[in-house]
Amino acid sequence: QVRLVESGGGLVQAGGSLRLSCVTSGRTFSNYAMDWFRQPPGKEREFVTAINYSGSSTYYADSVKGRFTISRDNAKNTVYLQMNSLKPEDTAVYYCAGSRFGRGSNYSPDYIYWGQGTQVAVSS
């Protein structure tokens, strides 16, 4: 059984930073791309960032480029999302997701395993 567990969410003031983590169990983590999506209150889920199986390629939504950094530690089966210069519009539930492929993408049907989500709230 594949399981993804996120942690690290919370409440932070605008301009602050948070680091999210997501641990995967039940599959060979190092073979697959990982992604972070988010769902702001009252809105659709949206792509944030993706990383390929080895960590050599990353992709970012324009809204977070230059502020967020995705990384992974395959020895720890963990993907991270470092979020800096947070804005109130970054407030959302953040989900990590595991792809069926080794390459990353912003296409949500590529992602077949999902965590339960972690809440990030940014106050102005």
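Linking Ile, Leu, Val, Met, Phe, Trp and Tyr whenever their side-chain heavy atoms come within less than 4.5 Å leaves Tyr32 and Ile51 in two separate clusters. With hydrophobic clusters built from ILVMFWY side chains whose heavy atoms lie under 4.5 angstrom apart, Tyr60 shares a cluster with Trp36. Leu86 is not connected to Phe47 by any chain of hydrophobic side-chain contacts under 4.5 Å among Ile, Leu, Val, Met, Phe, Trp and Tyr, and they are in different clusters. Residues Leu18 and Tyr95 do not share a hydrophobic cluster, defined by chaining ILVMFWY side chains whose heavy atoms lie under 4.5 Å apart. Linking ILVMFWY side-chain heavy atoms closer than 4.5 Å, directly or via other members, places Leu81 and Val5 in two distinct hydrophobic clusters.
In this structure, Ile112 and Arg100 approach most closely via the heavy-atom pair CG2-NH2, 3.1 Å. Nearest approach of Pro41 to Thr91, heavy atoms of both residues: CD-O, 3.6 Å. When all heavy atoms of Ser17 and Ser85 are compared, the closest pair comes out as OG-N, 4.4 Å. Between Val2 and Gly26, the shortest heavy-atom contact is CG2-O, 3.6 Å.
In this structure, Lys43 places its NZ atom where only 12 or fewer heavy-atom neighbours from other residues, nucleotides or ligands lie under 6.0 Å away. Within a 6.0 Å sphere centred on CZ of Arg3, other residues, nucleotides and ligands contribute 12 heavy atoms or fewer.
Proximity of a side-chain donor or acceptor of Thr24 to a complementary backbone N or O of Phe29 within less than 3.5 Å is not detected. A distance-only check finds no donor-acceptor pair linking the side chain of Thr28 to the backbone of Ser30 [under 3.5 Å]. Judged purely by atom type and a 3.5 angstrom limit, Glu6 uses its side chain to pair as donor or acceptor with the backbone of Cys96. Checking side-chain atoms of Ser99 against main-chain N and O of Ala33 turns up no donor-acceptor pair under 3.5 Å. Side chain of Arg72 to main chain of Asn52: a donor-acceptor pair is present (N/O by atom type, distance under 3.5 Å, no hydrogens or angles). The backbone N or O of Lys76 lies less than 3.5 Å from a partner atom in the side chain of Thr78, making a donor-acceptor pair. For the pair Gln119 (side chain) and Ala92 (backbone), a donor-acceptor distance under 3.5 Å is present.
Legend: ring-ring contact (aromatic ring centres under 6.0 Å, His included) pairs involving residues 99-124, not counting sequence neighbours, sorted by first then second residue: Phe37-Tyr111, Phe37-Trp114.
Considering only residues two or more places apart in sequence or on other chains, Asp90 meets the salt bridge (Lys or Arg N to Asp or Glu O under 4.0 Å) condition with Arg38, Arg67. With sequence neighbours excluded, no residue forms a ring pair (Phe, Tyr, Trp, His ring centres under 6.0 Å) with Tyr94.
Side-chain contact check for Val120 versus Leu20: some heavy-atom pair is nearer than 4.5 Å. In this structure, Val79 and Ile70 have side chains that are in contact, with non-hydrogen atoms separated by less than 4.5 Å. No side-chain heavy atom of Gln1 sits under 4.5 Å from any side-chain heavy atom of Ser25.
Both tests do not hold together for Arg103 against Tyr53: distance to the six-membered ring centre under 6.0 Å, angle to the ring axis within 45°.
Remark: Ser71 OG to Met34 CE distance equals 11.5 Å, nearest 0.5 Å. Distance check: Thr49 OG1 to Gln82 CD gives 12.5 Å after rounding to the nearest 0.5 Å.
Donor-acceptor pairing under 3.5 Å is recorded for the side chains of Asp110 and Ser105.
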